[in-house]
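This report concerns only the one structure given below.
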Amino acid sequence: MSLFILARHAQSALNLQGRLNGDPRVHVELTARGVEQARELGQQLSQLPIDLCVHTRFARTRHTAEIALQGRAVRTREEPMLDDVDVGLLEGHKVAEYRAWKRAHSRRDLIPGGESLEHAAARYARAFAALALAGPDVVLVVCHEIPVRYALNGASGSDALDAPMHEVPNATPFLFAGAALKRAAQAIERLASHGG
């Protein structure tokens, strides 16, 4: 049975400031607490034989993975389909501004200069489906809050991508069997196209 460990990256400087970053070209450091969280993640995973680590194009996911897997020979792969949502003109703005925009728009609406939440969800569904089909035995996926949230809610059979799980803690491992990740991918695709 394949095992997938999904984790949001450790705390970043912008997490602490409550600001958005959806552009992988913008380098955002982990905080001192984030480095500690990444080490703690590594301790939690130390007894698992991880075959592959997948991270996004964002430095905060790569850095989290490097710290968590320090001293271990684990193959890594960058996966842009799991990148954070492209927030366009909201880049660097407060999270509260994004939430206000989200309340006033549908999932199909493009964030000005960025992408729609529907498009991002479709990316996540394709990425998780591909991992579930082709993944080695144990895969660590270090990505962002939204894809982890969608996977948790999708796999649980929720009728909404944003509930019941809404706040995903940093550097916390969530375990999925291959069948559960496949189920999550199917649910994300279905809910995204129906405004979930």
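These numbers come from the heavy atoms of this one structure, side chains and all, not from hydrogens, waters or symmetry mates.
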- Query: Run the side-chain hydrogen bond (donor to acceptor under 3.5 Å, both in side chains) check on Asp162 and Asn153 step by step: do they pass?
  - Reply: CA-CA 7 Å; Asp162 289 327; Asn153 292 329; 5.7 Å; no
- Listed partners of His144 passing ring pair (Phe, Tyr, Trp, His ring centres under 6.0 Å), at least two apart: His9, Phe58
- CD (Gln17) and CZ (Arg19) are apart, to the nearest 0.5 Å, by 6.0 Å
- Task: State, with a plain yes or no, whether a side-chain heavy atom of Ile5 is found less than 4.5 Å away from one of Phe176.
- Result: no
- Query: Does CD belonging to Glu189 count more than 12 external heavy atoms closer than 6.0 Å?
  - Reply: no
- Item | Minimum side-chain heavy-atom gap Phe174-Leu152 below 4.5 Å | yes
- Item | Contacts of type ring pair (Phe, Tyr, Trp, His ring centres under 6.0 Å), residue His166, not counting sequence neighbours | none
- Does a side-chain N-to-carboxylate-O contact under 4.0 Å join Glu36 and Arg33? yes
- Message: If we check side-chain contact (heavy atoms from CB on, under 4.5 Å) with Leu140, which of these qualifies: Val54, Val74, Leu69?
- Response: Leu69
- Task: Considering only NZ, NE, NH1 and NH2 on the basic side and carboxylate oxygens on the acidic side, decide whether Arg123 and Asp86 come within less than 4.0 Å.
- Result: no
- Item | Residue pairs involving residues 67-106 (criterion ring pair (Phe, Tyr, Trp, His ring centres under 6.0 Å); sequence neighbours excluded) | Trp101-His105
- Message: Whether Arg108 and Glu118 form a salt bridge (side-chain N of Lys/Arg under 4.0 Å from carboxylate O of Asp/Glu) is what I want to check.
- Response: yes
